Asks: 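One structure, as structure tokens, below. Some questions next.
Note that this is a predicted model, so its numbers are computed, not measured.
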Amino acid sequence: MKYLFLISFFFSSGVFAHDLAFAPYLKMQDALASDDFKLAFESHKFICDKELDHYKSIYKGCEQNFKNIEELRTSFKSLSEVYLENGNKKEMIKFQKANCPMAKAKWIQKPGTLRNPYYGKSMLDCGEKI
């Protein structure tokens, strides 16, 4: 009975869950939308170092050395998919999901006006809420 309780506790408490936190992702999304390569790169490094332990087999972007914002934006497509699938579900309801048909990619952002991370300032509000 004691073991059944412990197993039940671990599953119900989320000890085995590895939901990703959104703060660093949102910082990167906003930096890409603002065409700020330095901040986006720093945010990506933080995500790789602190957040993605259990997802590095899925997201290969942590192994890349990005030379420009376009390369980082391309990688952000896969990173967004990881967050859409594995982000903290309770936290995700606070945010909105969006899709860019031109980039053929989705992202998560704070509610409000769209801020497209795939095209930045050149097409900042391009996309659709989903």
Asks: Between F76 and Y118, what is the ring plane arrangement, given parallel below 30°, perpendicular above 60°, and tilted in between?
Replies: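 The rings of F76 and Y118 sit tilted, inter-plane angle from 30° to 60°.
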Asks: For the CG atom of L26 and the OG atom of S43, what is their distance to the nearest 0.5 Å?
Replies: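 L26 CG to S43 OG: 10.0 Å, rounded to 0.5 Å.
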Asks: Give, for atom CD1 of I47 and atom NZ of K27, the distance between the pair rounded to the nearest 0.5 Å.
Replies: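 One gets 10.0 Å once the value is rounded to the nearest 0.5 Å.
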Asks: What's the spacing between M92 CE and I108 CD1 if we round to 0.5 Å?
Replies: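 Between atom CE of M92 and atom CD1 of I108 there are 4.5 Å.
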Asks: If you measure from OH on Y25 to CG on L84, what distance do you get to the nearest 0.5 Å?
Replies: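 One finds 6.0 Å between OH of Y25 and CG of L84.
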Asks: Which heavy atom in A105 sits nearest to a heavy atom in N99, and how many Å separate them?
Replies: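 Reported closest heavy-atom pair: O-OD1, 3.1 Å.
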Asks: Is E128 atom CD crowded by more than 12 heavy atoms from other residues, nucleotides or ligands, each under 6.0 Å away?
Replies: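 Above 12, so yes.
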Asks: How far does CG of D49 sit from CD of E51, to the nearest 0.5 angstrom?
Replies: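 Separation between the atoms: 10.5 Å.
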Asks: Counting heavy atoms not belonging to K104, are there more than 12 under 6.0 Å from its NZ?
Replies: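 12 or below, so no.
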Asks: Kindly write out the residues that satisfy side chain to side chain contact (heavy atoms under 4.5 Å, CB included) with M123, not counting sequence neighbours, or none if the list is empty.
Replies: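 Expected list: M102, Y119, C126.
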Asks: Just how far is it from atom CG of N88 to atom CG of N86, taken to the nearest 0.5 Å?
Replies: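 Rounded to the nearest 0.5 Å, the CG-CG separation comes to 11.0 Å.
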Asks: Only pairs under 3.5 Å count here: list side-chain donor-acceptor contacts from residues 31-38, not counting sequence neighbours, and write none if there are none.
Replies:
{"unit_1": "S34", "atom_1": "OG", "unit_2": "D30", "atom_2": "O", "d": "3.0"}
{"unit_1": "S34", "atom_1": "OG", "unit_2": "R115", "atom_2": "NH2", "d": "2.7"}
{"unit_1": "D35", "atom_1": "OD1", "unit_2": "R73", "atom_2": "NH2", "d": "2.5"}
{"unit_1": "D35", "atom_1": "OD2", "unit_2": "K121", "atom_2": "N", "d": "3.2"}
{"unit_1": "D36", "atom_1": "OD1", "unit_2": "K38", "atom_2": "N", "d": "3.4"}
{"unit_1": "D36", "atom_1": "OD1", "unit_2": "L39", "atom_2": "N", "d": "3.0"}

Asks: Counting N and O atoms only, with roles assigned by atom type, does the side chain of K77 sit under 3.5 Å from a partner on the main chain of A103, one being a donor and the other an acceptor?
Replies: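 Between the backbone of A103 and the side chain of K77 there is a qualifying donor-acceptor contact (under 3.5 Å).
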Asks: With side-chain contact (heavy atoms from CB on, under 4.5 Å) as the criterion, how do I58 and E85 come out once you've worked through the C-alpha distance, each side chain's angles and the decisive distance to 0.1 Å?
Replies: CA-CA 11 Å; I58 299 169; E85 291 294 318; over 6 Å; no
Asks: Would you indicate whether K45, at its atom NZ, is surrounded by more than 12 heavy atoms from other residues, nucleotides or ligands within a distance under 6.0 Å?
Replies: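 Count not over threshold, so no.
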Asks: Under the disulfide bond (SG atoms under 2.5 Å apart) rule, collect the residues that match up with C100, sequence neighbours excluded.
Replies: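 Result, disulfide bond (SG atoms under 2.5 Å apart) vs C100: none returned.
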Asks: K110 versus F95: any side-chain heavy-atom pair under 4.5 Å?
Replies: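 Yes. Closest side-chain heavy atoms under 4.5 Å.
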Asks: Determine yes or no for a side-chain-to-main-chain donor-acceptor pair under 3.5 angstrom, with K129 supplying the side chain and L114 the backbone.
Replies: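 Answer holds: no.
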Asks: If only atom types and distance count, is the side chain of S75 paired as donor or acceptor with the main-chain N or O of E71 below 3.5 Å?
Replies: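 No, because the side chain of S75 does not come within donor-acceptor range (under 3.5 Å) of the backbone of E71.
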Asks: Crowded around K60 NZ? As in, over 12 foreign heavy atoms under 6.0 Å?
Replies: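 Atom NZ in K60 is crowded, with more than 12 foreign heavy atoms closer than 6.0 Å.
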Asks: Is a side-chain N or O of Q96 found less than 3.5 angstrom from the main chain of G112, in a donor-acceptor match?
Replies: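 Yes, because the side chain of Q96 sits within donor-acceptor range (under 3.5 Å) of the backbone of G112.
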Asks: Return the orientation label for the Y83 and F22 ring planes: parallel under 30°, perpendicular over 60°, tilted otherwise.
Replies: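 It falls in the tilted class, 30° to 60°.
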Asks: Checking Y55 side chain against L20 main chain: does a donor-acceptor pair fall under 3.5 Å?
Replies: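 Side chain of Y55 to backbone of L20, a donor-acceptor pair under 3.5 Å: no, none is there.
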Asks: Kindly say whether T113 contributes a backbone atom to a donor-acceptor pair with the side chain of Q109 at under 3.5 angstrom?
Replies: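 Checking the backbone N and O of T113 against the side chain of Q109, a donor-acceptor pair under 3.5 Å is found.
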Asks: If I compare all heavy atoms of G127 with all of P101, which pair ends up nearest, and what's the gap?
Replies: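 Closest heavy-atom pair between G127 and P101: CA-CD, 4.3 Å.
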Asks: Does the side chain of S80 reach to within under 4.5 Å of the side chain of K106, using non-hydrogen atoms?
Replies: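 Result no, sub-4.5 Å side-chain heavy-atom pair not found.
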